[in-house]
Novice: 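Take a look at this one; I'll ask things after.
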Protein chains: 2
Amino acid sequence: MLREFVRSSKAMSDETRARILNLLAHSELCVCQFMVILDMGQSTVSKHLGILKNAGLVEMEKRGTWSFYRLSKDKTNAHNRDFIRLLPSLPKDDPILQKDNRSLNEVSKKGVAFCSVVALKKKRRARSIHAGEERCDR
Amino acid sequence: MLREFVRSSKAMSDETRARILNLLAHSELCVCQFMVILDMGQSTVSKHLGILKNAGLVEMEKRGTWSFYRLSKDKTNAHNRDFIRLLPSLPKDDPILQKDNRSLNEVSKKGVAFCSVVALKKKRRARSIHAGEERCDR
DNA sequence: TTCCTATATCACCATATAGTGATATGATAC
DNA sequence: GTATCATATCACTATATGGTGATATAGGAA
C-alpha cells in the first residue's frame, strides 16, 4: 500500500537515520554503540531505531540487556527490500559517512563493553553539568 | 553528498509527491492536469512540483504559459537515477494510485485545454464560496 | 494598451518531527 | 531483597512541513 511505501521512504529520509542505515549495512550494532559513533543521546538513538523498526527496515534482537539492530531480512516486504538495496548508493565520499565508518571500525575493535562505559560516562557528565547549572542559578 | 541523498529521499517520501511521481512514470503533465487528477489547489501542486524539481527528480519545460513536468533524465546524479528506478515498486494495487491512473487516462484523452477549464472553474468556485462567507459575516 | 490565463511565490496556520532530559521497564549482579 | 546498567517511552520545545488563499509574474489574446 502507498501508506507503507511512504512510511518506509520517510524512515530513510533523515540524515541521522541514513547514517544509521549506512552503519548497519556494515554490521549489526547495539544502541550504546550508536550513541558513541553518532555522538547523540540515548533517547534520540532509540527513537530513530524505533522509527526504522516500525517501518520494517530494521530488525532487533535482545541479548541480555543489549538490543542489537540489523537490516531487515524480511523477504515479504517489497518496498523495504528495494529500499535496503538502495543503501549502496549512499555517497561513499561524504565526510560524515566516512567519519562514521572510521568510528565503526574503532568501536568494533573495542567491543560492546567499551561502548557501555563511554555511553555511561556521557550520561553522567550531562547530569553533573546540568546539576552544576542548577546550583549556579541559586 | 549525504545532504543531497536525504533531500531526494525526503522529496519522495510524501504521499502527494509519491502520487505525482507515479503519474509522471506514465507521462509528462502540466500543473493544471495535476490539479484535476489530485484534486488539490494550484499552489499546493506547484509547491510539491517545486520540491521534486529542487531535488532533481523532475524536470520542467515551459511551453507558452504551460509548465510541463517529467521525470528527470539527468544521468549525472546517481541517487536520483536510483530513486527513479525505484518507482516501479510503488504498490500497483493501492486504491489511490489506481484511481490516479484512471483519472490520468481520462485527462490525457481530453487534453490540456480541458484541464485548464476545470481548474479555472474550481478556482472561481472557491473564490465565490469565500466571498459568500464574507457577506454572511456582516 | 488591457484583459485573461497558467504558474510561482508569499503569508499564514495546523500538524509533524527531531532532539533532549526525566522517568519507566526489565535484565543482571551483588 | 537492592543496586546497577541498557533500553524504551514520555513530556517538552524548537523547527520543519503540508495545505491554502492571496498576490506577483509572465505569456498570449483582444
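Throughout, a chain's letter reflects where its sequence line sits, starting with A, and its residues are numbered from 1.
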Novice: If I take atom CG in residue B/L52 and atom C1' in nucleotide C/dA8, what distance separates them, rounded to the nearest angstrom?
Specialist: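 Checked: the CG to C1' distance equals 15 Å.
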Novice: With axes from five pairs an end, tell me the bend angle of the helix from C/dT1-D/dA30 to C/dC30-D/dG1, nearest 10°.
Specialist: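 Between the axes fitted at each end of the helix from C/dT1-D/dA30 to C/dC30-D/dG1 lies an angle of 10°.
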Novice: Hydrogens and angles aside, do A/N22 and A/N101 bring a side-chain donor and acceptor to less than 3.5 Å of each other?
Specialist: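 Distance-only check passes for A/N22 and A/N101.
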Novice: According to a strict under-4.0 Å criterion, is B/S43 in side-chain N/O contact with OP1 or OP2 of D/dG19?
Specialist: no
Novice: Under 4.0 Å, heavy atoms only, any strand: does A/K10 hit a base, just the sugar-phosphate, or nothing?
Specialist: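 Sugar-phosphate, backbone atoms only, no base.
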Novice: Can B/D82 and A/S89 be counted as having a side-chain donor-acceptor contact under 3.5 angstrom?
Specialist: yes
Novice: Could you check whether B/E59 pairs with B/K73 (Lys NZ or Arg NE/NH1/NH2 to Asp/Glu carboxylate O, under 4.0 Å)?
Specialist: no
Novice: Starting at atom NZ of A/K47, determine the distance to atom P of D/dA8, rounded to an integer number of angstrom.
Specialist: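 In whole Å, D/dA8 P lies 14 Å from A/K47 NZ.
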Novice: Check whether any side-chain nitrogen or oxygen of A/Y69 sits under 4.0 Å from OP1 or OP2 of D/dA8, and answer yes or no.
Specialist: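 So the side chain of A/Y69 is within the cut-off, an N or O lying under 4.0 Å from OP1 or OP2 of D/dA8.
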Novice: Rounded to whole Å, how long is the line connecting atom CD of A/Q33 with atom C1' of D/dT7?
Specialist: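 Going from A/Q33 (CD) to D/dT7 (C1'), I get 14 Å.
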Novice: Please report the distance, rounded to the nearest Å, between CD in B/E61 and C1' in D/dG27.
Specialist: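 For the pair B/E61 CD and D/dG27 C1', the rounded distance is 16 Å.
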Novice: Which pairs with one or both residues in residues 64-102 of chain B pass ring-ring contact (aromatic ring centres under 6.0 Å, His included), sequence neighbours excluded?
Specialist: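 Applying ring-ring contact (aromatic ring centres under 6.0 Å, His included) to every pair that reaches into residues 64-102 of chain B, excluding sequence neighbours, yields B/F5-B/H79, B/F5-B/F83.
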Novice: Quick check: any donor-acceptor pair below 3.5 Å linking the side-chain of B/Q42 to the base of C/dA6?
Specialist: no
Novice: Kindly point out which of D/dG19, D/dA8, C/dG19 is positioned nearest to the side chain of B/H48?
Specialist: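 Taking heavy atoms from C-beta onward, the closest nucleotide is D/dG19.
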Novice: Base, sugar-phosphate, or nothing for B/R17, non-hydrogen atoms under 4.0 angstrom?
Specialist: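 The answer is sugar-phosphate, as B/R17 gets under 4.0 Å only of primed atoms, P, OP1 or OP2.
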Novice: Tell me what B/M60 touches on the nucleic acid: a base, only sugar-phosphate, or nothing, going by heavy atoms under 4.0 Å.
Specialist: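 B/M60: backbone/sugar contact only, no base atoms under 4.0 Å.
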Novice: Could you check whether any side-chain heavy atom of A/L49 comes within less than 4.5 Å of a side-chain heavy atom of A/M60, counting everything from C-beta outward?
Specialist: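 Result no, sub-4.5 Å side-chain heavy-atom pair not found.
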Novice: Just call it for A/L38: base, sugar-phosphate, or nothing, with non-hydrogen atoms closer than 4.0 Å on any strand.
Specialist: nothing
Novice: If you check the A/C30 side chain, which of C/dT7, D/dT7, C/dT20 turns out closest?
Specialist: D/dT7
Novice: Is the shortest side-chain N to carboxylate O distance from A/E28 to A/R63 below 4.0 Å?
Specialist: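 Result for this pair is yes, salt bridge flagged.
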Novice: If I take atom CG in residue A/D14 and atom P in nucleotide C/dA18, what distance separates them, rounded to the nearest angstrom?
Specialist: 5 Å
Novice: Which listed nucleotide (D/dT9, C/dA8, C/dT17) is nearest to the side chain of A/S46?
Specialist: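 Nearest listed nucleotide: D/dT9.
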Novice: Atom CG in B/D14, atom CD1 in B/I51: separation rounded to 0.5 Å?
Specialist: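 That separation rounds to 7.5 Å.
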Novice: Please state how far atom CG in A/L49 lies from atom P in D/dT9, giving the value in whole angstrom units.
Specialist: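 So the two atoms are 12 Å apart, to the nearest Å.
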Novice: Between A/S8 and A/N80, do the side chains contain a donor N or O and an acceptor N or O under 3.5 Å apart?
Specialist: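 Yes.
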Novice: Would you indicate which nucleotide in D/dG18, D/dA11, D/dT7 comes nearest to any side-chain atom of B/I51?
Specialist: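 Ranking D/dG18, D/dA11, D/dT7 by closest atom to the B/I51 side chain puts D/dG18 first.
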Novice: Closer to the 5' end of DNA chain D via nearest nucleotide, is it B/M40 or B/K62?
Specialist: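 The 5'-side residue here is B/M40.
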Novice: Among the nucleotides D/dG19, C/dA8, D/dG18, which one has an atom lying closest to any side-chain atom of B/T16?
Specialist: D/dG19
Novice: Using atom CD of B/E15 as one end and atom P of D/dG19 as the other, report the distance to the nearest whole Å.
Specialist: 9 Å
Novice: Measure from CZ on A/F34 to P on C/dG19 and round the result to the nearest Å.
Specialist: 14 Å
Novice: Does B/T44 place a side-chain N or O at less than 4.0 Å from the phosphate oxygens OP1/OP2 of D/dT20?
Specialist: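 It does, given that an N or O in the side chain of B/T44 lies less than 4.0 Å from OP1 or OP2 of D/dT20.
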